[in-house]
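First up is the structure itself, then whatever we jot down about it.
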Amino acid sequence: MKLSYLFFCFFLLIACKSSRTDAVEQVGLIKHAANFQLITKENYQLVQLFHPKTHQLEASFALVKRGTHPTIPSNTSIITVPVRKMAALSSTFIGMLNELDALETVAMTTSENYLWNKQMKARIRKGLCTSVATDDAVSPELVVKKKVELIVYSGFGQPFPNEAKLTQLGTIALPNYDWEETTALGKLEWIKLFGALTGKLDQATEYFNKISQEYKQLKATTKKWKGKSKLALAGDFYGDIWIAPAGQSFIARMFKDAGINYVYQLKSGTASLQLAAEQVIKDEKACFIWINAEGTTVKQLLKNDAKRKQLTVLKHRQVYSYLHDSNYFWEMSAVHPEWLLADFCQIAQNKKGAMHFYKKLAE
């Protein structure tokens, strides 16, 4: 009887230990981003990517430390970490890698015309990094020549050009859906993916926690302001179509966090709206603020598209744009959403003074 009891306790202990181990292995490190998850396993980390439209699991990647050989489930691509040479094909990725002091891993990136980072431009000039105009320009031959181990690109639900051939050569193509996140902190949290890829996950997590805390503190101040801005329009004409943030997009949600009363805040969608010019001209008549106008002066706006002369919002002269330094905006706003929120708060309250990304358009 006593022996049976001892065996029972032994097996109970083993079961509990196994259960605790499984629980630890299944803890997801991502709390705000909806389009990926990072899970700590016993001998590797598992990256799960979810399609932003269907929310179904699209792909899995095992981040395996160099020199180790853990057992990996089938249908899971292996990425050896830390990655020594990668193609980071978006200026947003450059902003994140810059914050992690990991630009030396970038062997290939987007066109220099879209870059703000001076260090990255210097690497291109010295031949340490190759810039490409489009994803199609990333040929298998170029990848082999530059010894690129990993390609991170903006995913649009399509395979990367020549992906099958690249996989045969041992180069993994990993889609990034940060641009489809519906909150600023969700977009920022993709820095943890780059942290895991470069062996700097702790640094990425520390950075995320710091910035998210600053964002939340600033957001809390808008409640003390007690109010919303006057009605605001966002976007601009592209031909006969007006492109604007959809109501559930991360930009529209940031408008709300800043107290901006956005005219299309109830329009469904997580990306962009495409609206007829006639509809916008009707909807904007009560607007006092215009954000993301496609120009650097009011004169330029009117010269480039005569339809803008019909916009009532122009007469209030509260027109804002980031186009005076668009590369800086795209590279840095994703990793500094607290700066972007501060700009929107300043716009909402019509305060004077320099902003991080935006400027009020002069005549």
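Heavy-atom basis, side chains included; hydrogens, waters and symmetry copies ignored.
With K285 contributing its side chain and L311 its backbone, the two residues share no donor-acceptor pair below 3.5 Å. With S321 contributing its side chain and A293 its backbone, the two residues share a donor-acceptor pair below 3.5 Å. Distance alone, capped at 3.5 Å, places no donor-acceptor pair between the S111 side chain and the Y114 backbone. Panel note: side chain E284, backbone V313; a donor-acceptor pair is recorded below 3.5 Å. Within the 3.5 Å criterion, the main-chain N or O of Y207 finds no donor-acceptor partner in the side chain of E99. The backbone N or O of F357 lies less than 3.5 Å from a partner atom in the side chain of H324, making a donor-acceptor pair. Side chain of H51 to main chain of K53: a donor-acceptor pair is present (N/O by atom type, distance under 3.5 Å, no hydrogens or angles). Side-chain N or O atoms of T222 include none that pairs as donor or acceptor with a backbone N or O of G259 at under 3.5 Å.
At a cut-off of 3.5 Å, with distance as the only test, no side-chain donor of N350 or Q346 sits close to an acceptor on the other residue.
Residue pairs meeting the side-chain hydrogen bond (donor to acceptor under 3.5 Å, both in side chains) criterion with at least one partner in residues 188-199, sequence neighbours excluded, are E181-W190, E189-K192. Among residue pairs with one or both ends in residues 55-91, none qualify as ring-ring contact (aromatic ring centres under 6.0 Å, His included); sequence neighbours excluded.
Between T296 and L361, the closest side-chain pair of non-hydrogen atoms is not below 4.5 Å. A heavy-atom distance below 4.5 Å is not found between the side chains of N117 and N327.
Under the 6.0 Å cut-off for aromatic ring centres, F36 and F50 do not qualify, their centroids lying 6.0 Å or more apart. The aromatic ring centroids of F344 and Y358 lie less than 6.0 Å from each other. In this structure, H32 has its ring center under 6.0 Å from that of F208.
Taking the six-membered ring where the residue is Trp, H336 and W339 present parallel rings, their angle staying beneath 30° rather than reaching 60°.
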Please list every donor-acceptor pair under 3.5 Å in which a side-chain atom of residues 231-252 meets a protein atom from a residue at least two apart or in another chain.
| residue | atom | partner | partner atom | Å |
| --- | --- | --- | --- | --- |
| D236 | OD1 | R308 | NE | 3.1 |
| D236 | OD1 | R308 | NH2 | 3.4 |
| D236 | OD2 | E294 | N | 2.6 |
| D236 | OD2 | R308 | NE | 3.4 |
| D236 | OD2 | R308 | NH2 | 3.2 |
| Y238 | OH | E294 | OE2 | 2.9 |
| W242 | NE1 | A234 | O | 2.9 |
| Q248 | OE1 | G269 | N | 2.8 |
| S249 | OG | A246 | O | 2.7 |
| S249 | OG | A252 | N | 3.2 |

Mind listing the side-chain donor-acceptor pairs of residues 81-90 below 3.5 Å, one per line with the distance, residues two or more places apart or on another chain?
| residue | atom | partner | partner atom | Å |
| --- | --- | --- | --- | --- |
| R84 | NE | E149 | OE2 | 2.9 |
| R84 | NH2 | E149 | OE2 | 3.1 |
| S90 | OG | T92 | N | 3.2 |

Indicate every side-chain donor-acceptor pair of residues 155-171 with a distance under 3.5 Å to a residue at least two apart or in another chain.
| residue | atom | partner | partner atom | Å |
| --- | --- | --- | --- | --- |
| E163 | OE1 | F160 | N | 2.8 |
| T167 | OG1 | E163 | O | 2.9 |
| T171 | OG1 | V148 | O | 2.8 |

Could you please spell out the steps behind the side chain to side chain donor-acceptor pair (under 3.5 Å) verdict for D283 and Q279? CA-CA 6 Å; D283 295 338; Q279 182 65 47; 2.9 Å; yes
**OP:** Determine, step by step, whether L142 and V132 satisfy the side-chain contact (heavy atoms from CB on, under 4.5 Å) criterion, reporting the C-alpha distance in whole Å, the side-chain angles of both residues, the deciding distance to 0.1 Å, and the verdict.
**Re:** CA-CA 10 Å; L142 186 59; V132 292; 4.1 Å; yes
(request) Give the intermediate values and the outcome of side chain to side chain donor-acceptor pair (under 3.5 Å) for residues Y322 and D343. (result) CA-CA 11 Å; Y322 57 79; D343 283 6; over 6 Å; no
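To the nearest 0.5 Å, atoms OH (Y177) and CD (E180) are separated by 8.5 Å. Here the CZ atom belonging to R66 is positioned 5.5 Å from the OG1 atom belonging to T80, to the nearest 0.5 angstrom. Rounded to the nearest 0.5 Å, atoms CG (N209) and CD (Q213) are 9.0 Å apart. E331 CD to W116 CH2: the interatomic distance, rounded to the nearest 0.5 Å, is 6.5 Å. Note that CZ of R123 is 5.0 Å distant from CE of M120, once rounded to the nearest 0.5 Å. Taking CD of Q119 as the start and SG of C129 as the end, the distance is 11.0 Å to the nearest 0.5 Å.
Here E58 pairs with nothing under the salt bridge (Lys or Arg N to Asp or Glu O under 4.0 Å) rule; sequence neighbours left out.
No salt bridge links K145 with E141; every basic N to acidic carboxylate O contact stays at or beyond 4.0 Å. Contact check on R317 versus E363 returns a salt bridge, with a Lys/Arg side-chain nitrogen under 4.0 Å from an Asp/Glu carboxylate oxygen.
Criterion: ILVMFWY side-chain heavy atoms under 4.5 Å apart, direct or through other members. Under it, I39 and V47 are not part of a common hydrophobic cluster.
Of all non-hydrogen atoms in L29 and Q45, the two that sit nearest each other are CD1-NE2, 4.0 Å.
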